[in-house]
Amino acid sequence: MASTESTTDRSGPAGQAGRAAIAQRHLRVDRWWLGPTVTVAALLAFVGYATWRAFANADYYAAPYVSPFYSPCLAENCAEMRGGPNWALFGDWWGLSPALIFLALPLGFRLTCYYYRKAYYRGFWGSPPACAVAEPHRRYTGETRFPLIVNNAHRYFFYASAAIAVVLTYDTVLAFRDEHYEWGHMGLGTVLAVVNITLVWGYTISCHSCRHIIGGRLKTFSAHPVRYRLWTLVSRLNGRHMALAWASLTSLAVTDLYVYLLAVDAFSDPRLF
């Protein structure tokens, strides 16, 4: 009796069993490469700028504004910020830029974020580079090895980043002073600080971990109406997590740049009242 098994070659272009016998790596004719390319360029631009500013250890305070990269300031070599988050917990032994003490926490939060994982997996590692485009790697090990296994600590980075967002909120309140620390004033820097902290909180609470913490373990929503409403709000924000991720990343850089320009006397802060 003849065999009923198909003799069709089902090996793909990389010789992987089970794939369709198609010579091309993909059949897409659109500019699928544009998204990953823009992602790589944007992330590299931010990393380059943030690295320069973090190691600069200068020009990060222009009363009453402080750069979000340098707050809170946890070493004695910080600029004196009157009424600001000067908490010299590290004492005088820390000789590097104080920004390097805590920047790993919000950086870890973003690196382990579900959206940013998708962004740099596709953009930098091509895993995969786009939908319906085969990745160049022969094996997929997932997030079971270092360094990707660190992504499992995303929830803990969320806690740390939420605490830093509280400090940045405090800085925003202090921004309603003038250069002489008198209350009841508002400048362009104040507007930028308010926009920045709004986007930072939006990105933080739209996180998937925050959504799960609020309502992920509830079995009956009707028995927890307050948490259900909060979960609904966070779920709506979660749908905009990608936009909030990029918007908050941009606002952090713009706010820091604005403080830097004020600190080097490039111009004076325009006062609204």
Side-chain angles (χ1 to χ4, degrees), residues 32-54 67-71 99 102-131 143 147-169 171-172 191-216 230-258:
W32 59 266
W33 47 266
L34 185 59
T37 302
V38 172
T39 296
V40 169
L43 289 179
L44 285 179
F46 179 83
V47 169
Y49 173 81
T51 300
W52 165 59
R53 290 294 294 136
S67 164
F69 291 171
Y70 284 82
S71 182
F102 78 96
L103 271 182
L105 298 178
L107 176 62
F109 178 56
R110 288 183 181 264
L111 283 177
T112 59
C113 163
Y114 287 106
Y115 166 69
Y116 280 114
R117 290 188 217 180
K118 168 189 171 183
Y120 63 75
Y121 281 8
R122 288 188 172 187
F124 289 90
W125 295 339
S127 182
C131 291
E143 298 173 341
L148 296 185
I149 196 172
V150 178
N151 285 330
N152 295 312
H154 180 58
R155 170 172 294 194
Y156 303 103
F157 283 117
F158 163 74
Y159 295 144
S161 293
I164 293 175
V166 172
V167 176
L168 296 182
T169 302
D171 294 338
T172 303
V191 176
L192 291 178
V194 171
V195 171
N196 178 61
I197 193 57
T198 301
L199 292 175
V200 167
W201 272 118
Y203 168 66
T204 302
I205 65 177
S206 67
C207 165
H208 295 75
S209 289
C210 180
R211 183 172 179 265
H212 178 74
I213 291 170
I214 291 176
L230 291 175
W231 179 83
T232 302
L233 173 63
V234 172
S235 297
R236 291 175 180 173
L237 289 175
N238 183 257
R240 297 174 173 82
H241 195 50
M242 180 184 74
L244 289 168
W246 283 110
S248 60
L249 198 71
T250 302
S251 68
L252 285 167
V254 169
T255 303
D256 172 83
L257 178 62
Y258 186 80

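Only this structure's heavy atoms are used, side chains among them; waters, hydrogens and symmetry mates stay out.
Leu257 is linked by a side chain to side chain contact (heavy atoms under 4.5 Å, CB included) to Tyr49, Tyr260, Leu261, counting only residues two or more places apart in sequence or in another chain. The ring pair (Phe, Tyr, Trp, His ring centres under 6.0 Å) search around Phe109 returns His154, Tyr203, not counting sequence neighbours. Qualifying side chain to side chain donor-acceptor pair (under 3.5 Å) partners for Ser251, counting only residues two or more places apart in sequence or in other chains: Asn196. In terms of the ring pair (Phe, Tyr, Trp, His ring centres under 6.0 Å) criterion, residue partners of Tyr121 (sequence neighbours excluded) are, by chain and number, Trp125. The side chain to side chain contact (heavy atoms under 4.5 Å, CB included) test applied to Ile205 returns Trp201, Cys210, Leu237, not counting sequence neighbours. Contacts of Phe124 classified as side chain to side chain contact (heavy atoms under 4.5 Å, CB included), with partners at least two apart in sequence or in another chain: Val40, Leu43, Leu44, Tyr120. For Trp32, the ring pair (Phe, Tyr, Trp, His ring centres under 6.0 Å) criterion is met by His26, not counting sequence neighbours. Contacts of Arg211 classified as salt bridge (charged side-chain N to carboxylate O under 4.0 Å, His left out), with partners at least two apart in sequence or in another chain: none. In this structure Tyr258 satisfies the ring pair (Phe, Tyr, Trp, His ring centres under 6.0 Å) test together with Phe267, sequence neighbours excluded. When the side chain to side chain contact (heavy atoms under 4.5 Å, CB included) test is applied to Ala193, the partners found at least two apart in sequence or on another chain are Thr172, Ala175.
Leu230 CG to Ile213 CD1: the interatomic distance, rounded to the nearest 0.5 Å, is 12.5 Å. Here Ile164 contributes atom CD1 and Phe157 contributes atom CZ; the two are 10.5 Å apart, rounded to the nearest 0.5 Å. Distance CG/Leu111 to CG/Asn151: 8.0 Å, rounded to 0.5 Å. Here the SG atom belonging to Cys131 is positioned 4.0 Å from the CZ atom belonging to Arg122, to the nearest 0.5 angstrom. Atom CG of Leu107 and atom OG1 of Thr112 lie 9.0 Å apart (nearest 0.5 Å). Rounding to the nearest 0.5 angstrom, the gap separating the OG atom in Ser206 from the CG atom in Leu233 is 10.0 Å.
Side-chain contact between Leu168 and Asp171: present, with at least one pair of heavy atoms (C-beta onward) separated by less than 4.5 Å. Looking at Cys113 and Met242, their side chains never come closer than 4.5 Å, going by heavy atoms from C-beta outward. Within the 4.5 Å cutoff, side-chain heavy atoms of Trp246 are placed close to those of Thr39. Using a 4.5 Å cut-off on side-chain heavy atoms (C-beta onward), Val167 and Phe102 make no contact.
Closest non-hydrogen pair, Val200 versus Ala165, comes out as CG1-CB, 4.2 Å. Pro36 and Pro129 make their closest contact through CG-O, 3.1 Å (heavy atoms, listed as atom of the first residue, atom of the second, distance).
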Full working for side chain to side chain contact (heavy atoms under 4.5 Å, CB included) between Phe158 and Thr204: CA-CA 7 Å; Phe158 163 74; Thr204 302; 3.7 Å; yes

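Counting only distance, with no hydrogens or angles, the side chain of Thr255 and the backbone of Leu252 share no donor-acceptor pair below 3.5 Å.
Sorted by first and then second residue, the salt bridge (Lys or Arg N to Asp or Glu O under 4.0 Å) pairs involving residues 231-254 (not counting sequence neighbours) form an empty list. For the salt bridge (Lys or Arg N to Asp or Glu O under 4.0 Å) condition, the pairs that include at least one residue of residues 243-257, sequence neighbours left out, are Arg53-Asp256.
A cation-pi arrangement is present between Arg117 and Tyr114, with the terminal nitrogen or guanidinium carbon under 6.0 Å from the aromatic centre and inside a 45° cone about the axis.
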